[in-house]
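Take a look at the structure set out below.
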Amino acid sequence: MQLYNTLTREKEIFAPMDARNVRMYVCGPTVYDFAHLGNARPVVVFDTLYRLLKLHYPKVTYVRNITDVDDKIMAKAKESGEAIDTITTRTTKAYHDDMASLLALPPDIEPRATAHIPHMLALIAKLIEKGHAYAVDGHVLFNVPSMPNYGELSRRSRDELIAGARVEVAPYKKDAADFVLWKPSTADQVGWDSPYGRGRPGWHIECSAMAKEHLGETFDIHGGGLDLIFPHHENEIAQSRCAHDDAPLAKLWMHNGFLTINNDKMSKSLGNFFTVRDLLAIAPGEALRLALLSAHYRQPLDFSEEALKKAKQTLDGWYGALRNTKDIAFDANVAVPENFMAALDDDLNTPQAFAIIHDLVSQLNKTPDTKTKSALLSAANLIGFLTQDAESWMRGSSSDGLSEEQILALITARKDAKAAKNFAEADRIRKELLDAGIVLEDKANDTLWRRV
RNA sequence: GGCGCGAUGGCAGAAUGGCUAUGUAGGGGACUGCAAAUCCCCGUAUUCCGGUUCGAUUCCGGAUCGUGCCUCCA
């Protein structure tokens with residue numbers, strides 16, 4: 001398979017370091033609030049990659065961290081008066097639930113930052129020992145000029161960084177580009193004892209420490225959002241390589257594009273974000289997943305509720321084909337179609353993969369047979385689609401609106417009216433159901449219904 | 001100011017040095033008591049200006065517009 005490597009800015013043939021165990025690290029959430037859709041995109045994208053890798057290789061170790069110590073969490077705790085643990089535990093649970101709703105498989109290992117403080121301190125000590133970091137006033141800073149090839153991922157020189165710097169340079173820094181590995185905590189702030197005084201980790205060190213602990217010094221794939229390239233991933237590389245005798249951190253770096261709303265970047269600071277939770281209230285997770293994968297992962301994706309509705313309609317069509325062929329058997333031995341695999345193996349071309357699913361759906365409608373149905377299901381299931389029972393998908397769920405009993409009673413009443421050739425009454429009932437969001441499909445022997 | 005990305009039909013969105021995706025919307029037809037679903041048929045596209053080439057939407061240069069990053073961020 002081919003994957004685009006941010007490091008080389010080219011598609012490369014993927015060759016794992018150890019084909020018996022492919023290792024992948026993806027930057028996970030800082031748990032202080034509900035996940036927004038921008039957080040969900042990388043989860044769904046790398047879940048798709050994870051599923052593909054699992055198909056190609058006997059074992060994949062997928063690590064996605066939970067950042068449970070951070071100034072944003074501290075600020076939230078101060079604001080709400082809750083304990084940090086309470087916030088991180090609750091938010092982590094919500095994150096797990098939301099991502100499961102998006103049909104994302106859980107990672108193999110989900111390390112928490114607070115459980116790796118000793119690993120971070122060990123890494124920091126090594127960096128100081130090797131002359132790449134220095135302690136000053138309770139801070140420990142990584143000295144960027146100590147690494148000659150700093151900036152390879154983002155392709156920035158140190159001079160450019162300083163020239164463009166928007167922030168004031170802290171007086172204790174030896175160099176303007178130096179970044180924090182460890183910072184002091186006041187008595188009322190969360191902190192851990194260390195040789196540099198009581199404090200807490202900087203933003204980047206946790207990923208270096210946890211990746212080393214769970215995947216080793218060098219692993220296959222490191223993923224995350226585009227905005228992590230600089231500074232986060234650049235600094236992870238600096239820390240890890242300088243601590244590990246210049247061993248590369250990851251062979252392949254993958255970054256998903258942004259989610260936009262009306263072509264503006266969706267972000268917390270702009271306030272133009274949707275939480276996954278809010279969207280799950282108006283559409284099934286599978287529809288959200290489809291919407292998130294409907295553009296290639298490296299392209300920007302402009303999200304709207306309209307796009308989400310379209311995704312739901314598309315799935316109605318796919319599930320409709322399954323419901324119409326419910327008597328056709330599924331054969332698990334039928335392979336995923338080659339062109340479908342080829343699309344995904346070409347740097348996760350999900351739009352192309354969906355085009356092939358559309359084609360299979362259309363074939364199934366025309367020639368309903370086990371071979372076609374099985375090809376469709378094996379393809380769709382591979383990347384987390386069409387895993388539900390078609391009938392239950394069509395019936396959906398609705399807390400308000402008509403109950404299934406009411407719907408079935410109306411359908412029976414309409415059937416009686418039709419038998420009596422009272423078409424005006426039959427149409428009136430159908431209109432009543434339509435107004436309640438129920439669409440009927442008359443078949444030869446019975447009437448099917450679905451929620452729109 | 002520095003670094004980068006993008007521009008494809010009404011909309012969404014792939015691909016490609018010659019054949020033109022897919023979906024959706026729209027038009028016509030089949031089926032249906034009428035619908036729905038499904039099937040068949042049909043329009044509409046590669047931002048602009050140069051260059052390379054037998055041939056460019058694709059490669060190269062420039063312009064315009066949009067957008068991201070430059071120590072909060074997926």
Side-chain angles (χ1 to χ4, degrees), chain A residues 9 26-30 35-46 70-72 75 144 151 154-157 159-170 173 176-180 202-204 223-232 234-235 255-260 263-270 273 291 294-296 298-302 304 306-307 309-311 313-314 316-317 320-321 323-324 343 346 349-359 361-362 364-366 368 394 418 421-424 426-427 430-431 434 438-443 447-450 452:
Chain A
R9 314 279 154 115
V26 175
C27 290
T30 300
H36 66 81
L37 201 57
N39 302 115
R41 191 176 189 194
V43 171
V44 168
V45 164
F46 290 105
D70 176 272
D71 288 5
K72 289 192 291 289
V144 168
S154 59
R155 306 209 170 170
R156 278 168 224 268
S157 73
D159 292 344
E160 283 165 10
L161 295 179
I162 293 165
R166 292 185 302 192
V167 294
E168 227 172 291
V169 177
K173 287 189 181 180
D178 291 354
F179 58 90
V180 169
W203 175 29
H204 317 294
L226 204 59
D227 52 350
L228 294 182
I229 293 175
F230 189 88
H232 186 55
E234 198 68 77
N235 290 348
H255 295 93
N256 63 274
F258 285 124
L259 203 68
T260 59
N263 295 316
D264 276 332
K265 179 184 167 184
M266 176 191 279
S267 77
K268 290 222 161 170
S269 42
L270 290 176
F273 64 94
S294 63
H296 183 84
R298 283 191 282 118
Q299 295 302 120
L301 174 63
D302 199 50
S304 60
E306 180 66 21
K309 282 203 187 83
K310 284 274 159 55
Q313 273 176 32
T314 298
D316 284 346
R323 177 163 74 166
N324 290 339
D346 181 12
N349 192 340
T350 49
Q352 179 62 34
F354 292 139
I356 292 158
I357 290 187
H358 279 294
D359 187 48
V361 167
S362 174
L364 182 62
N365 282 325
K366 277 181 271 189
M394 296 307 240
K418 278 174 66 176
K421 304 271 185 212
N422 186 352
F423 294 121
D427 289 350
R430 189 174 60 209
K431 178 73 166 45
L434 184 63
I438 308 298
V439 174
L440 301 184
E441 288 179 35
D442 287 337
K443 297 290 171 186
T447 296
L448 302 178
W449 61 274
R450 66 188 159 94
V452 289

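In this text, all values refer to a predicted model and were calculated from it rather than measured experimentally. Labels below follow one simple rule: chain letters A, B, ... track the order of the sequence lines, proteins then strands, and each chain is numbered from 1.
- Taking atom CG of residue A:Leu364 and atom C1' of nucleotide B:A37, one finds them 13 Å apart after rounding to whole Å.
- When the C1' atom of B:A74 is taken as reference, atom CZ of A:Arg41 falls 10 Å away, rounded to whole Å.
- Looking at A:Arg430, its side chain comes within 3.5 Å of the base of B:C34 through a donor and an acceptor atom.
- Remark: the A:Asp227 side chain and the B:G68 base include no donor-acceptor N/O pair separated by less than 3.5 Å.
- One atom, NZ of A:Lys418, and another, P of B:A35, lie 13 Å apart when rounded to the nearest Å.
- For A:Asn349, whose side chain is taken as the heavy atoms from C-beta onward, the closest listed nucleotide among B:A21, B:A15, B:G13 is B:A15.
- Regarding contacts with the backbone of B:C39, a side-chain N or O of A:Ser362 is found under 4.0 angstrom from either OP1 or OP2.
- Between A:Glu234 and A:His204 the shortest side-chain heavy-atom distance does not fall below 4.5 Å.
- No engagement by A:Asp359 is indicated, since no non-hydrogen atom pair under 4.0 Å with the nucleic acid exists.
- The residue A:Glu306 sits apart from the nucleic acid: no heavy atom pair falls under 4.0 Å.
- The residue A:Phe354 sits apart from the nucleic acid: no heavy atom pair falls under 4.0 Å.
- Nucleic acid contact class of A:His232 (heavy atoms, under 4.0 Å, all strands): none.
- Put simply, CZ on A:Arg156 is 10 Å from C1' on B:G68, counting in whole angstrom units.
- Between the CG atom of A:Asn256 and the C1' atom of B:G68 there is a distance of 13 Å, rounded to whole Å.
- A:Gly224 comes within 4.0 angstrom of the backbone, heavy atoms only, and of no base.
- If you take CD of A:Gln352 and P of B:U8, they are 19 Å apart, rounded to a whole angstrom.
- At B:A37, one or more side-chain N or O atoms of A:Arg450 fall inside 4.0 Å of OP1 or OP2 (strictly under the cut-off).
- Under 4.0 angstrom from either OP1 or OP2 of B:A36 there lies no side-chain N or O belonging to A:Lys443.
- The phosphate of B:C39 (OP1 or OP2) has a side-chain N or O of A:Asn365 nearer than 4.0 angstrom.
- Applying the 3.5 Å distance criterion, the base of B:C34 shares a donor-acceptor pair with the side chain of A:Asp442.
- Residue-level contact check: A:Leu259 touches the bases, meaning some heavy atom is under 4.0 Å from a base atom.
- As judged by a 4.0 angstrom heavy-atom cut-off over every strand, A:Leu440 is placed among the base-contacting residues.
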